Amino acid sequence: MPSFENITNAIHTWLTTHLSAGWAFFIELVLVGVAAIALFAALGLVLVLMERRVAAWMQIRLGPNRVGPKGMLQSLADTIKLIMKEGLTPEGADKFLFNVAPYVVMIAAMLLLAPIGFARNLQIWDLNIGVLYISAISSISVIGILMAGWASNNKYSLMGAMRSGAQIVSYELSAGLSVLAIVVLTGSLRISDIVQSQETGWWIFKGHLPAIIAFVIFIIAVTAETNRAPFDLAEAESELTAGFHTEYSGMKFALFFLAEYINIFIVCAIGATLFFGGWMPFHIGHWDGFNHVMDYIPSSVWFFGKTFGLIFLIMWFRWTFPRLRVDQLLNLEWKYLLPISMVNLVLVTLVAIKQWHF
Amino acid sequence: MFITNYIKEVWGAVKSLAKGMKLTGYYFTHHKEIITQEYPDNRAELVLPERFRGEVVMKHDEHNEHACTGCTACELACPNGTIKIITKFDISPEGKKKKALDTFIYHLELCTMCNMCIEACPTDAIKMAQNFEHSVYDRRQLTKKLNRPGSKIREGVE
Amino acid sequence: MSASVIIFYCIAACILAAAVLSVTTTRIFRSAIWLLFCLMGVGALYFWMDLQFIAAVQIIVYVGGIVVLIIFSIFLTQQSGKKMPAPPGGRGLYALLATLFGLGLTASLIYQHHFAAVEAPGAFTADVAQVGEQMLSTTEHGYVLPFEVVSVLLLAAMIGCIVIAMKEPVNKKDKPELK
């Protein structure tokens with residue numbers, strides 16, 4: 001059966017036999033970069049279409065259904081439109097920062113791809129602090145948003161950026177604490193170790209109630225961190241037109257838009273890795289026959305299936321809940337999520353020390 | 001106690017959020033209840049609700065007669081001067097002068113479809129039609145004369 | 001010159017350029033952004049040394065915490081969008097002299113110290129578990145006392161913030177309408 005593992009191994013052996021080690025490494029770097037950009041483009045097209053479809057069906061509508069079969073090519077048409085549009089820079093804007101900001105956001109999103117395990121033995125960089133690396137790099141994208149808000153020289157952008165900054169800085173705490181719950185159970189920050197520890201069962205089942213609470217807090221916190229509804233008051237269109245990207249148009253706007261969807265994909269991939277076992281197939285205790293059937297499904301299918309399930313959950317939130325006010329947003333974080341996740345961390349530690357998990 | 005209230009509050013919040021998600025989840029899985037219409041495609045069989053207000057028209061019967069007495073109640077009721085009524089004086093067979101409608105001018109471009117004129121009309125001479133495709137290339141075409149040429153008031157309508 | 005050395009010089013050049021730009025620009029927000037790039041360069045240097053934990057902490061603390069704080073205070077300042085006037089010439093000269101003195105002092109100290117060559121480069125590792133144990137150990141080179149003292153300091157700072165930010169409890173009988 002062809003798997004990603006075989007393909008990457010074949011490329012690696014071919015390169016190392018034909019070239020020196022340094023050049024082989026360099027070419028592999030280039031290939032990884034190209035693959036990452038291709039993944040970004042594909043994800044952007046698929047996720048935008050998926051969002052519009054899910055939104056339509058939840059609101060008893062049909063959704064895009066004109067361009068291509070069943071509207072499949074709608075997001076491609078949108079991309080072409082965005083490429084053709086003129087990229088304006090407003091007068092009085094800080095031109096350098098205005099033009100750099102979308103790239104900062106995009107590069108931060110790109111760097112986050114590195115430690116994610118896409119399939120069995122398919123990981124760009126398996127560094128030993130994987131989870132910590134993710135929370136470190138994701139804080140860079142805040143800077144991009146703040147830069148965009150400031151450089152636009154527009155009051156809506158500035159207010160959107162400030163709201164976004166306050167929101168991301170506060171929700172990072174509870175997201176970090178809920179990730180820490182799984183780190184306590186696993187005893188490692190390395191993504192491959194975390195995946196390997198779920199061979200006998202996913203943490204959401206093995207970790208009892210504390211793991212479920214941690215998962216709920218995680219999904220709420222990452223929804224807030226990616227600035228999505230019901231926490232989208234950073235770009236609240238009815239109050240701030242579009243928040244920090246009000247002044248952006250054309251391809252620079254497209255980069256912000258794409259980075260938003262890539263960030264959703266990445267946080268859902270992390271959620272799937274931590275709580276649902278990443279690429280690990282679904283196994284039940286001693287049902288060997290069932291487990292063998294599950295093993296036949298390729299690991300990349302498992303990974304993308306789980307990730308898209310979580311993305312669907314986040315989209316479901318978006319099209320169900322109304323937007324929070326700023327004070328409600330901060331109340332939710334500081335009075336509910338943070339205390340609950342701290343108590344939950346103590347519970348998880350108890351579970352881990354007493355070995356109550358399976 | 002504080003802790004029990006806190007837990008109750010969190011539980012209530014989770015329950016109400018789940019309720020909302022259940023409803024949208026139901027819509028997501030039941031595609032038959034689509035409420036939107038694929039408009040230009042289903043133009044032939046398009047059915048608009050009865051109360052839809054497209055434009056004001058004057059009712060004419062088969063003898064080309066209408067019920068408008070030219071009382072200008074609709075013109076007075078209109079909040080933004082959409083209707084202009086020009087009256088004339090008919091000479092009845094007995095030789096008496098009687099006020100009658102000459103031209104009913106209706107500015108569609110000013111109309112907000114508020115239905116006030118229809119409610120004000122004492123003889124029920126005008127109504128709201130369901131036609132909504134109003135776009136034209138020249139805005140002068142939007143100023144309409146509602147009584148048909150040669151029409152006259154129906155017998156017995158005062 | 002191996003690729004690793006070239007990468008080192010690239011990172012170092014970026015750090016230095018960002019640092020110089022951060023003190024010479026006349027716009028306060030750009031200054032903060034150049035400081036950010038400088039700190040991120042230091043983080044990259046840690047990654048280059050394969051000290052991933054220290055690098056991640058550098059980025060979390062400085063980029064996610066301190067620079068965001070600086071940017072927020074710039075946002076909340078009046079007239080922060082205006083260009084600042086360039087400092088008078090004399091002051092620049094003194095600043096240059098102070099910098100050169102600092103550079104000379106550091107350079108002379110570095111040249112006087114005899115660094116022992118590392119046997120095998122890359123063998124220097126700092127495992128996260130080791131860092132954690134060292135942080136909480138009570139043995140000779142343990143850091144449990146400074147760790148606890150710092151946490152007490154942070155707690156005091158947090159309580160102070162809450163006291164400053166706390167509103168006077170509103171008496172409902174006096175003011176029936178809450179804003």
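We name chains A, B, ... by the order of the sequence lines, and we start the count at 1 in each one. Hydrogens, waters and symmetry mates play no part in the numbers below; they use all other heavy atoms, side chains included. Because the structure is a prediction, the values reported are computed rather than measured.
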Using a 6.0 Å cut-off, check whether atom NZ of K85(A) has over 12 heavy atoms from anything other than its own residue.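 Result for NZ/K85(A): open.
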Does NZ in K144(B) sit with more than 12 non-hydrogen atoms of other residues, nucleotides or ligands closer than 6.0 Å?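 Counting neighbours around NZ of K144(B), more than 12 heavy atoms of other residues, nucleotides or ligands fall under 6.0 Å, so yes.
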Nearest 0.5 Å, please: how far is CD in Q59(A) from CZ in F28(B)?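 Spacing of CZ (F28(B)) from CD (Q59(A)) equals 12.5 Å.
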Atom CE in M58(A), atom OG1 in T29(B): separation rounded to 0.5 Å?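 Interatomic distance, M58(A) CE to T29(B) OG1, rounded to 0.5 Å: 9.0 Å.
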Working for side-chain contact (heavy atoms from CB on, under 4.5 Å), residues E9(B) and Y336(A): CA-CA 10 Å; E9(B) 222 172 292; Y336(A) 294 95; 2.2 Å; yes
Under a plain distance cut-off of 3.5 Å, with no hydrogens placed, do T24(B) and W319(A) share a side-chain donor-acceptor pair?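 Short answer, no.
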Side chain, backbone, both or neither: which part of V54(A) has a non-hydrogen atom closer than 4.5 Å to chain B?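 It is both, since atoms from each part get that close.
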Part of F321(A) lying under 4.5 Å from any heavy atom of chain B: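 Interface part for F321(A): side chain.
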Given side chains that start at C-beta, do those of H30(B) and W57(A) come closer than 4.5 Å, heavy atoms only?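 No, every pair of side-chain atoms sits at 4.5 Å or beyond.
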Among V216(A), I60(A), T320(A), N65(A), single out the residue with the greatest number of heavy-atom pairs under 4.5 Å to chain B.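 Heavy-atom pairs under 4.5 Å are most numerous for I60(A).
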Taking side chain as everything from C-beta outward and backbone as N, CA, C, O, which of these in L23(B) sits under 4.5 Å from a heavy atom of chain A? Side chain, backbone, both or neither.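 Neither the backbone nor the side chain of L23(B) comes within 4.5 Å of chain A.
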